[in-house]
Amino acid sequence: MGRYLSKKVLIYLITFFFAVTLNWAVPRFAPGDPISMLLSRFVVLEGGRDILESFFVKTFGLDQPLLQQYFGFWRSLFRGDLGISISQYPKPVLSIIRDAIIYDIIILVPAIVLSWIIGNKLGAFSGVSKKADNFLMPVFYFLTSSPYFWFALLVSYLLGIVLGIFPTSHAYSATMRPGWNLAFIADFFMHWFMPFLTLFLVQLGGWAIGMRNMIIYETNTNYAKYMESLGARERLIRRYGFRNGILPQVTGLAISLGTVVSGAVLTQMVFSYPGLGYLMVQAIKQNDYFLIQGCFLFLIIMVLLANFTVDIIYMFIDPRVRHSYSGEV
Amino acid sequence: MAADVILDVQELCAYYRILKGDVKAVDGVTFQVRRGEILGIAGESGCGKSTLAHTLMLRKPPLKHISGKALFLGQDIMAMGAEEFRKLRLSRISIIPQYALDALSPTKKIGEFVTDLVREHGIHPDRSFFAKVEERMRFVNLDPAVLGKYPIELSGGMKQRVIMVISTILNPELVIADEITSALDVSSQRFAATLLVELREKGIIGSAIFITHDLAILYQIADRLLIMYGGHVVETGPVETIVHEPRHPYTQALLSSLPKVGVQIKDERLEGIKGTPPELLEIGPGCRFRERCPYRTKQCEQTPVTENIDPDHSIACWHYQEIGGERVG
Amino acid sequence: ERNQTLIVGGGTWSQATSWNPLYPNCANGIRGLVYETLFAYSPLTNEHKPWLAESGGWISDNVYEVKLRRNIYFSDGQPLTAADVVFTYELARDNELTYTPLWRNLREVKAVDNYTVQFIFDSPNYQEWQIELYTRDILPKHIWENVPGEDLMVITNDDPVGSGPYKKLLAGPDRNVWVRDDNWWGNAVFGQPKPVEIVDMIIYENNVALGMLMQRTLDLSNYFIPGVPAIKDLYGLTTWYDGPPYMISANVAMLVLNSQRKPLDDAKFRRALAFAVNPEIIVERVFERMVPVSDSTGLFGGWTEYRDAQVAEEYGFWYDPDLAKQMLADAGYVDKNGDGWIDMPDGSPIDFEIIVPSGWTDWMESIRIIAEAFRAIGINANPAFPDAGLYDERIQTGDFDMCINNYGTGISGSPFSYWNWVANHNINRTHVTEGNYGRYDNQELFDLIYKFNQLPPLSDESLAVASEIQKILLVEMPAIPFWLNGMWAQSTSQYWTNWPTADNPVGYPCSWANNWQFGTVEMLINLQPAQ
Amino acid sequence: MAARDFWRRHENLYFAITNKKVIFGVVIFLSIMALSIVGPMITPYDYEEFAGPGYQRPSKTHWFGTTIMGRDVFTQVVYGLRSTLLVGFLAGTIASAIGLVVGFVSGFFSGRAPDEGLMMLTNMFMVLPSLALLIILSAYLPYRGIVTQSLIVAATAWPWTARAVRSQTLSLKSQEFVNLSRISAAPTFRIIREDIAANMFSYVFMVYILQFNGTILSSVGLEFLGLGPTRGISLGLVLQNAVNWNALHLGMWWWTIIPGLILTMLIVSLYFINTGLDEVFNPRLREL
Amino acid sequence: MAEVSKEPIISIENLTKIFSSGVFFREYTTAVKDVSFAMYPGTILSLIGESGSGKTTIGRMMLKLLRPTSGSIYFHGKDIAQLRSRAERREYYRRVQGIFQDPFSSFNPLFRVDRVFDMVYDVFMPEVRDREARTREALMRVNLNPDRILSHFPHQLSGGQLQRLLIARALLMDVEILVADELISMLDASTRMGILNLLVDICRDTGMSVLFITHDLALGYYVSDYTMIMHQGRLVEQGATAEVYHNPVHPYTKMLFRSVPDIGRRWDPKEKFIPEQVTMEIDEFYAENRGRGMVSVSPEHLVLMSVE
Ligand SMILES: Nc1ncnc2c1ncn2[C@@H]1O[C@H](COP(=O)(O)OP(=O)(O)OP(=O)(O)O)[C@@H](O)[C@H]1O
Ligand SMILES: Nc1ncnc2c1ncn2[C@@H]1O[C@H](COP(=O)(O)OP(=O)(O)OP(=O)(O)O)[C@@H](O)[C@H]1O
Ligand SMILES: [Mg+2]
Ligand SMILES: [Mg+2]
């Protein structure tokens, strides 16, 4: 068991190391100089840009040798310092991420978790009921095959503009001030609903399909046959199938939760819903090394943590894993 | 006499309906199981033994009941309503399947599995019930702690015993044991086989049908033997009679090809049976052994009628009178 | 309250992170809403409107004197006086700030009395000064004198204290919110702005902005929104003009030619290109007539005061593909190898790439049309769409044939800014960031532009130099002005009315950064709540 | 009788062509393919040409209507379909190929250093957030044609194929016929080709379908973010344009819904084929 | 018992196989431990043991499908680990062949069964012209009708036919050593004997030597001259078949004989038989005989008395 964990940890550490290095290297060796880019957009007196340029180069340490920059990067990483954003100077990358991430979480966690729960339930239902399957399976496939942004657009247009039920953009009304009052919460919910719905529906399809196939497989296994020969009712067998079929889905859930941030980029774009996704796209468009790195690093850490958590959870919920790594089998 | 019969199978036909046609794996099978006996069913692989068990316990497509009756305590289980039949299983008629190694749901502890199963039969698993289960566990030489374990934590032999306990937990009148020893080491084989006898001795089970391709084991534990060939029953009789005075050419050939400890090739050359078993797909009438039979005649193209040589010894062969009993071994 | 809140969008693209006016990338609205300049500038009338200043003018060839208004207070209650103005400028003398270059010919900034400041120059750049007057935010000395020199651009100034009509309320990942300062000194002078709050929304895509307009959750959009002419009336959107071109012009979109590459180093060739394109098609198809075609000189708005009609008449260009072909042939550019494409006089083939940033859809469509036009006269040109970052890198390092650009061509108080962008002299460096991406090298022109800068506005001499500049630009054609990008603005009248329009020019409907002092504050003053 | 014999011999084929899901999927997929092949031939326009006035709803002259600028949506869709299919094909092939090679090598040398190394790499790529990686990768390429885009998308899509192929290889490797070939001193290459690769074919085919779908969806996402091909046209770009030019808000449903629907149906059809084939190759799932 | 010549064809010395997996965190399984034996021409040597005792692993090492962790296998006095080049390996396989437990998975389902012969010709005797004729002859020798076998696909043939095909293949090559791993366990009672008899006949005729791996004691007795009993990777008892069967010494061997079902001899119904007991018995046995190691109880009978 300990061995299983240490093996996983080692893999994750190596992954982390490579990811960080890659993350550090890619922007630096790619074309596009974030500072000249920033400079060309400012209206300043002639000669003012030269002053700004030397200011930035010094501030961001881009005049140092590469290796030194690399080690410096690791050093500050361990201090929890992800550097300072160029495009949003002088805000620290970490606090930019912190401000944005909450919106990702608020949309994605419920969308993922709910779509996971409901998708699995529906998928299981579809897997055991032939009649339902004929109708549900195409629907699932349709949902999971739709590009997020396209689906988001349809939702936004239909519910927002044609029916006018929900506001089409942003996290809360312009006139609202965040606070723990009913009005704000209601307003927030209205804004939250459509992006949530989009993510929820599209992901629902995927989970349902997965579960459908799992349950068909599970209800054809020998233990299902054995139970049936011993007079178990179909409901019980289905419950068993669900329990076994859900295990691979748990991994999927963890991975989705890990990609919480990047998962919603497209939907967030369509609804101008704040979050890390848009931030990252902007950072990339503006060659903001530090912000890109920060976002990316953050994502990797999230994904690794999620995977790791699942590995641990798995040891508890699936006896097979525990044993296949302890050499008892 | 009739009161002594637990299971009375009459002219049972069950085919696999598949794309290519009907696989007549159980074709006009007639036999009885008497109270308190162990009926051994032997035959080559593919002769329909498992199909017979499935026909009695769990008919799933493509397996279809075509005709014939199976009277279990006077009631025809072929004609029984689904719910009625469901209740009958485990409590009165039960099966120990061939696939013991994966007959348990991998994510359920043994105890939970048992609990769930008996609940399906309206039994509330209280303390006294568990006391009984634990006692049975001890009876099969398993630590009752096994109930708190997952299947993966058990060895093959242990799983086999667990399955035997589960299948007989409600003291069924009839147990069908399908190839329960084939996957085991000789020592576990002996244990499992004698266990069945002990269960009967202790009155836990009424009668048993023991299916195997290994005549030597049947010799150890069965009271009567039924030899199947190509979906037909070719010979039925008390074990000593069948083993020592087989009358059907197939039984004879089968017995003479069995090696026994203490026979070396240089001393006695055993012969196999020439040719291969018939393909059961869309097979026509006639004795199914005729292709390989040294005594075949034109008459063999008609399906032989089953005749009782003794009250207890029946045979399906046109020529049994000419052949005469042959002592083997 | 919704009807006391003005919701705008289009000027802010990421969360505000700095409220420091000395840092050029500070929050949109810092200049104009929070900090104020001596003068405001109205592109509509091309006038400098006294703002903090009561008046100002050259009292001698090299001394500009500003008289400040009395009773101006910062939001912390401290008065704004000559000392603050002097402090603001001396800050740049003593530290490296973006306006430090001013001190190259500024000798002294002197407070004559509490309300009079004199700028004493060695040799004044009159034209640039025109722009400077409405660009510099006057900082409260009592606060900024405590900031160490090296931190001047670094601090975020989270709690900005300025003299302007609004104060910072909050900033989130999707919005900046400003709240009215009811004690603003200008209430008495200009009137009080109507919106109690201004919410500047960050909107990721123009279709979102349109959706918001349709839902009335946006009062003023400063996005380029395709389809506005089609649905304007349906949804009751207000634009500057009721009909084409709908928007006031804000900058010149020009095709920049890389004069370091053959055959674009040949002025004859460059000039011929100007005749090949019909900008009308671009205006019609891509912009649905929301922009006008540019004048050959590129001058528009207040700059037209320097336009020399005669030069424009004589050297201007128009759409005439046959003429373009003829001009090329005359200069020796014909199809030598018979592949259907025009070649160099020495026979080597010509193959151009026109670039705009990927995703800038209107420009992408435009260069498709331009490339098509070039191909129509036998010049092998193809559009290409590198990502924005790469586009910048390539234009700055001169790694391109042609590109569309408008970074420095925005309307200003002097055409100097335009010419200095189009033909900047500072081109001998790896990254060119001050304009003239095509690295057009003509010392005569550079000298003229420099000279123009040093001449008093609208003096005869300045007009003469301006004609000369226009002539050289037209003959040499380092960049071809094709159309005038609009000051995109669409507003809804559900909550606010009396939007500025051509018929009712009560302000400048623009929330873009650095433009609030262009008349946007006046718009705020003149807005009326609906019903 | 001969026909019957034929079907007996080719049971899987029979199941494949009688499987309702496969039929449904194939019909739709072929129709869409046909559209992409025939479409460009029958349309009188070029996809970049101003084919008529803007804002036209579907009509006889413009089957799918026109864009805001007057380009013909049908023409854009059919040309776009070509490149989208091409991207799916290329990226799916590349991703499957990488996954195949990695999975295969790693399965073949299971338990040894190359296996551990490759699996570590695979696990790394598996946990790297792919969209983020995609965005970063594509942002740093000067121009992206269909090929580069396919490469980028494939670069993040292969890991799960590698895992699947590895386990498949492992199970094939333990088949005795491989050992029989080895004790026949057959050349390693022949073993790989005839005993392993050939037997993986149907499996690989299904993996390929899934990759095809996955890569199409990823690339459409990239295209929407403006990180798609910088030249040419594709369904994703048609959609991106529709979004950028406010098609839906301006009431031009044909410009948004039709391409999106075709794209979605393309993917749906392949999923159907995949599920159907799964039932065919996996008799346990076969419809009874 | 067949004539035993002095020179072993193959001799195995202190063979050990430890499976390990993982590069960073190794996990070990000892499948075979310190096994030595030799094979002489024309003899059948049966290797008997329960599932997982390491029988297959020994067979695979002899076929060079697995590399021993330690110990060596000498083929005519030459360590087979040294056979590295393709030519050397080819020469080895020309003499040493195997047949696997599962006839169905021994054939690549995509190819006609002829492929196994073709491979033999391609690799070992490319010079042979009359391939077809030779193949037919070999098939006849194993009682197969070539016309009903050749150019069929594996799934069209029965297990017995396939297994015979493999024997025919070995015949074609005229091998010295045949490793027959659970040759008949997948086959029916009725077909078993035919194949077994065939194997023994071939041995007699050609002097081929067979390692007959099985878990069936009766079968082992029936065919073999020599018997080796394996338990948890070790050879616990080995010797002439009759010796081992009639005078088992090791508790494990004894237990095996007690539990084998045999027609004509019923299990003792009074004995409370529990498989787990044997482990204890073995421990006791080893404890009693501490330090004795492998002991020769009679000239042709070795017993493992203790493990150190
Ligand atoms: N699902 C099925 N579909 C079609 N035919 C089947 C199916 N299951 C079994 N059969 C066929 O039915 C016949 C009888 O099979 P069955 O499993 O009853 O044999 P068996 O006597 O139990 O053999 P074994 O000893 O190998 O278990 C065989 O010919 C087999 O091929
Ligand atoms: N490739 C492998 N990797 C790791 N362990 C292995 C491997 N092959 C076999 N083993 C292990 O080695 C031991 C011996 O296996 P082997 O297959 O030799 O037993 P066997 O006696 O042939 O059993 P059976 O009668 O079931 O064929 C077992 O514990 C098995 O799990
Ligand atoms: Mg069976
Ligand atoms: Mg084995």
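Throughout, a chain's letter reflects where its sequence line sits, starting with A, and its residues are numbered from 1. What you see is a predicted model; the values in this text were computed from it and never measured.
Contacts of E:Arg265 with chain B are made by backbone atoms alone, with heavy-atom separations under 4.5 Å and no side-chain atom involved. Heavy atoms closer than 4.5 Å to chain B are found in both the backbone and the side chain of E:Phe273. In this structure, the portion of B:Leu254 lying under 4.5 Å from any heavy atom of chain E is its side chain and not its backbone. Of the two parts of B:Glu198, only the side chain, counted from C-beta on, holds a non-hydrogen atom closer than 4.5 Å to a non-hydrogen atom of chain E.
A salt bridge links E:Asp201 and B:Arg269; the closest N-O separation between the charged side-chain nitrogens and carboxylate oxygens is under 4.0 Å. Note on B:Glu240 versus E:Arg266: salt bridge recorded, some NZ/NE/NH1/NH2 to OD/OE distance being below 4.0 Å. Taking 4.0 Å as the cut-off between side-chain N and carboxylate O, B:Glu44 and E:Arg192 do not count as a salt-bridged pair.
Across every non-hydrogen atom of B:Leu270 and E:Asn197, the tightest pair is O-ND2, 2.6 Å. Of all heavy-atom pairs between E:Pro275 and B:Ser187, the closest is CG-O, 3.8 Å. Heavy atoms only, all atoms of each residue included: B:Ile221 and E:Trp267 are closest at CG2-CZ3, 4.4 Å. When all heavy atoms of B:Gln264 and E:Ser224 are compared, the closest pair comes out as NE2-O, 2.9 Å.
Your options are B:Asp185, B:Leu195, B:Leu184, B:Val186, and the one with the most heavy-atom pairs under 4.5 Å with chain E is B:Asp185. Of all the listed residues (B:Ser188, B:Ala193, B:Ala216), the one sharing the greatest number of non-hydrogen pairs under 4.5 Å with chain E is B:Ala216. The most heavy-atom pairs under 4.5 Å with chain B, out of E:Gly52, E:Gly160, E:Ala218, come from E:Ala218. Of the residues considered (B:Val140, B:Ile273, B:Ile265), B:Ile265 shows the highest number of contacts with chain E, using heavy-atom pairs under 4.5 Å. Taking chain E as the reference chain and counting heavy-atom pairs below 4.5 Å, the highest number among B:Arg292, B:Glu271, B:His213 is found for B:Glu271.
A heavy-atom distance below 4.5 Å is found between the side chains of E:Ile274 and B:Phe191. At a threshold of 4.5 Å between non-hydrogen side-chain atoms, the residues B:Lys266 and E:Arg204 count as touching.
In this structure, the separation between CD1 on E:Ile263 and CD on B:Gln220 is 8.5 Å, given to the nearest 0.5 Å.
Side-chain N or O atoms of B:Arg190 include none that pairs as donor or acceptor with a backbone N or O of E:Leu256 at under 3.5 Å.
By the 6.0 Å and 45° rule, E:Lys272 stacks over the aromatic ring of B:Phe139.
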